[in-house]
Amino acid sequence: MERNEDKQIFQIVSEEAHQLGVRAYIIGGYVRDTLLERPCKDIDIVVEGSGIELAERVAQRLKTKVSVFKRFGTAMLKKWGIEVEFVGARKESYRSDSRNPIVETGTLEEDQKRRDFTINAMSFSLQAEDFGKLIDPFGGEKDLEAKLIRTPLDPDITYSDDPLRMIRAIRFATQLQFTIVPESFEAIQRNADRLHILSKERICDELNKIMKSPKPSYGFQLLYDSGLLEHILPQLCLLKGVETQEGKGHKDNFTHSLQVLDNVAETSDDLWLRWAALLHDIGKPRTKKFEVGIGWTFHSHEFIGAKMIPDLFKQLKLPLNEKMKYVQKLVGLHLRPIALVQDTVTDSAIRRLLFDAGDDIDDLMTLCSADITSKNEMTVRKHKRNFELVRQKLIEVEEKDAIRNFKPPVDGELIMRVFNITPCHAIGTIKEYIKNAILDDGVENSLQATLPLMYKKGEELGLTPILTLDQLLKEFSDN
Ligand code: ATP
Ligand code: MG
């Protein structure tokens, strides 16, 4: 019980519970994180009695509003940026054929039993007589010290009651860098196919938490080893394994993808860049070929992979918005920077990449650098050095030509005005011509340099200007 604000809240809850004649306890994540000395924003209060009634009284004392969820018997209030949730203690069991729990009111101990893990089942008393006392019937504190994830009951019961707990086990193991005890892990393996009764949204939340952890590969490896990944993202499982023909093997693309994910996680907290890292080679199984005399190839796997992204996002219930487009773009472009390593690379190729990546160029470079993995340290170092040269070239060209946020200096409005035309195909043709001249031929990205090109292309297309170049230049210099 660290912060002052928290203490004030607990004091008030304690007093109001006493007034109401009910017993209240802090439970779950707050207790765990306090013992771990980790920051924790949310507070869960469990009440032997009505959680809603207590929440309403506490809210009044704190002069804040309360949201009541009658159907779930819970209530939530916010104060000083802290979320406090109240719930009546309950015992519950899910019938195996249904997602709907049978819920009955219960005691604190019964409520602790239906929690997912021993480390999440501890509580602090809020009764005046033993205020702050740790109530830990399942050895959660010991498990915290030993860094173990263990269920309070027989794991087969805990996991089959709510299969989400299997993913949560892996999520907490990954976030906290804990180990799942063997009997629990074996129970996950046995119950993996129960995942199908869950809503995709609940799974997605947990996956994103695994993704945001310091070393997300740990979680994805556990998902794979437990058999859960097969039910969540079978496309990623297909990357597993090494095939050999004529004595030639390829790398295990699953292990490689996890390595790239961790490499990215070391330099960036961005959830979507991390998703891009995990999925960057997702197109490989579909494009894999053994070519005699050459070996294993994965031609166009970046384009196939990029095409797969919308369906994967839909399947995982990840958002179908600009985040999806961003991941798709990075997957599609992930080989481009590496291709620029050769000395012969032209400024034009660099400008094209800057143009295609736009503001995502830095993230693309992070991904691409993370993609350099090899068992041979020397090889990695050599590639990274070459890669630094590409980075340098990108900076030079960007400074010179400002392509990254490239907006063609000549827009459709201007073309229509000069040639006195309404929207038509010719406008796109002229714009494309100017864009290519800038990207490929190094024409300066300015009005002065590109206006003559507009006239040239327009006239080629049979258009007649009603304003001369001189008139136009004068107009711009007057403004
Ligand atoms: P965080 O909020 O940091 O992710 P947390 O432990 O608070 O961690 P929540 O998902 O907010 O996790 O859940 C709060 C508490 O509710 C947990 O500590 C646990 O006791 C209990 N809990 C949550 N989900 C489940 C579940 N599916 N089965 C059993 N108990 C659960
Ligand atoms: Mg929480």
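Note that ligands are numbered from 1 as they come in the structure, with each ligand's atoms numbered from 1 the same way.
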(message) Against ligand 1, does Arg168 come closer than 4.0 Å with any heavy atom?
(response) yes
(message) I'd like to know if the side chain of Tyr25 pairs up with that of Asp111 as donor and acceptor (distance under 3.5 Å, no hydrogens or angles considered).
(response) no
(message) Give the atom numbers and elements of ligand 1 that come within less than 4.0 Å of a heavy atom of Lys209.
(response) 4 (O)
(request) Let me know which of Asp42, Asp6, Asp44 forms a side-chain hydrogen bond (donor to acceptor under 3.5 Å, both in side chains) with Tyr30. (result) Asp6
(message) Taking distance alone, with N or O pairs closer than 3.5 Å, would you say Asn120 contacts ligand 1?
(response) yes
(message) With nothing but distance in play, are any N or O atoms of Gly28 less than 3.5 Å from an N or O of ligand 1?
(response) no
(message) For a quick test of reading the model, state the closest non-hydrogen atom pair linking Pro155 to Ala187 and the distance between them.
(response) CB-CB, 3.6 Å
(request) May I ask which of Asp116, Asp111, Val87 has a heavy atom nearer to atom 19 (C) of ligand 1 than the others do? (result) Asp116
(message) Against ligand 1, does Phe172 come closer than 4.0 Å with any heavy atom?
(response) yes
(request) Mind checking whether Tyr159 contacts ligand 1 via backbone (N, CA, C, O), side chain (CB onward), both or neither, at a 4.0 Å heavy-atom cut-off? (result) neither
(request) Number the atoms of ligand 1 from 1 as they appear, then name those within less than 4.0 Å of a heavy atom of Asp44, with their elements. (result) 14 (C)
(message) Can you list everything that forms a side chain to side chain donor-acceptor pair (under 3.5 Å) with Tyr224? Sequence neighbours excluded, please.
(response) none
(request) Give a yes or no on whether the backbone of Glu243 and the side-chain of His250 come within a donor-acceptor separation of less than 3.5 Å. (result) yes
(message) Would the distance check show the side chain of Gln112 and the main-chain N or O of Ala121 forming a donor-acceptor pair, the cut-off being under 3.5 Å?
(response) yes
(request) Select the closest option to atom 15 (C) of ligand 1 among Lys41, Gln112, Arg115, Arg32, judged by heavy-atom distance. (result) Arg115
(request) Give a yes or no on whether the backbone of Arg38 and the side-chain of Arg32 come within a donor-acceptor separation of less than 3.5 Å. (result) no
(message) Using a plain distance cutoff, I'd like to know if Asp42 has any nitrogen or oxygen under 3.5 Å from a nitrogen or oxygen of ligand 1.
(response) no
(message) Counting only heavy atoms closer than 4.0 Å, does ligand 1 sit against the backbone of Arg171, its side chain, both, or neither?
(response) side chain
(message) Are there over 12 heavy-atom neighbours, none belonging to Glu109, within less than 6.0 Å of that residue's CD?
(response) no
(message) Closer than 4.0 Å to some heavy atom of Arg114 - which atoms of ligand 1 meet that?
(response) 29 (C), 30 (N)
(request) Under 4.0 Å from a heavy atom of Asp162: give me the atoms of ligand 1 that qualify, with their elements. (result) 26 (C), 27 (N)
